[in-house]
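Here the structure comes first, spelled out in structure tokens, and everything after it is commentary.
Scope of the values below: all heavy atoms of this structure, side chains included, with no hydrogens, waters or symmetry mates.
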Amino acid sequence: MKEFSISMALVDFVPVLLFAAAGVILMRDLYNKMSKGAFALFAAGLIDVTCAGALKALYKVLYAAGICDFTPLSDMFFPVQSIGFLLTGIGILAMLLHRQGKNAVYAAAPPVFSGTFAFVACMVLGLGLLDGVLCVLARKLKKPALILFFLISFAASLCMGYLSSRAFARASMNWIAEGTNVLGQGALLTGVLLAHKHGLGQLRLEKGNGYA
């Protein structure tokens, strides 16, 4: 028996909305800096992660309300989210390596593994690339203080990677996981909003720190 309450389930939507908001801002600001292939991977990854989180939150709502125990919504969360983060990381890294060129970036079909270690590795790699490139962009904007927000986001997401790989039934552990997730996505959104405010959309990567 899982100790899910409706209030807990609804709170689970908060980090999903925070991440989605940060993703929309990043897609708008980085679109003119990416090749079509890189942007496709980046956008697909963001959408993938958002859908995985929303479906997991929906699962908790259905369970807490006593409607049904729709286990596929819960079981798919970790692998789908991990692959989404990996696609996001590859896409944003390709922005730095292949700027607005004709070179398209294609993702090979990932090999199939039964264990969770591979999903944890994908999540860590994707988040590392995402937050790492955002730190680079913060330096190019000459706003190194923004790096702190992305480091907090990465640290919180690492904690979530561990928590997501464990089947916690106790309400206290679920509240800890949700609080950690809200902190991480809140830090990401704050950093992205501040970067947007300080000209991320106008930043020109082709000529260093210049602006369009």
Side-chain angles (χ1 to χ4, degrees), residues 15-16 18-53 80-110 119-158 160-161 184-212:
V16 177
L18 294 175
F19 180 83
V24 170
I25 295 171
L26 286 175
M27 284 191 289
R28 295 185 64 179
D29 283 351
L30 303 182
Y31 177 78
N32 61 352
K33 303 169 181 54
M34 291 183 171
S35 65
K36 292 182 178 179
F39 184 79
L41 288 174
F42 184 68
L46 291 175
I47 294 171
D48 204 13
V49 173
T50 302
C51 289
V80 171
Q81 185 190 61
S82 300
I83 294 173
F85 275 124
L86 181 60
L87 292 177
T88 300
I90 293 174
I92 199 169
L93 179 63
M95 177 188 69
L96 294 183
L97 300 180
H98 303 281
R99 303 173 192 144
Q100 289 197 78
K102 296 181 180 180
N103 298 327
V105 181
Y106 298 95
F119 297 125
V120 173
C122 288
M123 177 179 289
V124 171
L125 177 60
L127 284 169
L129 292 174
L130 174 61
D131 289 312
V133 171
L134 289 176
C135 288
V136 171
L137 295 177
R139 289 182 61 86
K140 289 182 178 293
L141 289 170
K142 297 182 180 180
K143 297 294 178 181
L146 299 183
I147 294 176
L148 177 61
F149 292 103
F150 301 129
L151 292 179
I152 292 174
S153 172
F154 182 62
S157 296
L158 287 181
M160 280 302 302
Q185 305 311 328
L188 175 64
L189 177 58
T190 301
V192 169
L193 284 173
L194 290 174
H196 174 74
K197 179 180 178 181
H198 289 98
L200 178 60
Q202 291 74 43
L203 181 67
R204 294 182 58 183
L205 298 178
E206 292 82 1
K207 297 182 180 179
N209 296 335
Y211 289 81

For the residue pair Arg28 and Ile25, establish whether any side-chain heavy-atom pair is separated by less than 4.5 Å. no
How long is the straight-line distance from CG of Leu146 back to CG of Leu134, given to the nearest 0.5 Å? 10.0 Å
dist Met95:CE -> Leu93:CG (nearest 0.5 Å) comes out at 9.0 Å
Nearest non-hydrogen partners of Lys140 and Leu203, listed with the distance: CB-CD2, 4.0 Å
Would you please test Phe154 and Phe149 for ring-ring contact (aromatic ring centres under 6.0 Å, His included) and show each step? CA-CA 9 Å; Phe154 182 62; Phe149 292 103; over 10 Å; no
Cut-off 3.5 Å, no hydrogens considered: what does the side-chain donor-acceptor table look like for residues 40-51, sequence neighbours left out?
from, atom 1, to, atom 2, distance (Å)
Asp48, OD2, Gly84, N, 3.4
Thr50, OG1, Leu46, O, 2.8

Between atom CG of Leu194 and atom CG of Leu200, what is the distance when rounded to the nearest 0.5 Å? 11.5 Å
Measuring from atom NZ of Lys143 to atom NE2 of His198, what distance do you get when rounded to the nearest 0.5 angstrom? 4.0 Å
For Ala38 and Ala94, work out which heavy atoms get closest and say how close. CB-CB, 3.7 Å
Mind checking what makes ring-ring contact (aromatic ring centres under 6.0 Å, His included) contact with Phe39, not counting sequence neighbours? Tyr31
Heavy-atom pair with the smallest gap, counting every atom of Ser153 and Ala187: N-CB, 4.0 Å
For Leu18, side-chain contact (heavy atoms from CB on, under 4.5 Å) partners two or more places apart: Val14, Val182, Gln185, Leu189
With no hydrogens and no angle check, is any side-chain donor or acceptor of Lys33 less than 3.5 Å from a backbone partner on Leu96? no
Value for CD (Gln81) from CG (Leu86), rounded to nearest 0.5 Å, stands at 12.5 Å
Please find the pair of heavy atoms, one from Phe150 and one from Cys135, that lie closest to each other, and give the distance. CB-SG, 3.9 Å
Got a second to check how far Asn32's CG is from Arg204's CZ, nearest 0.5 Å? 10.0 Å
Evaluate side-chain contact (heavy atoms from CB on, under 4.5 Å) for Asp131 paired with Leu188, printing each intermediate quantity in order. CA-CA 9 Å; Asp131 289 312; Leu188 175 64; 4.1 Å; yes
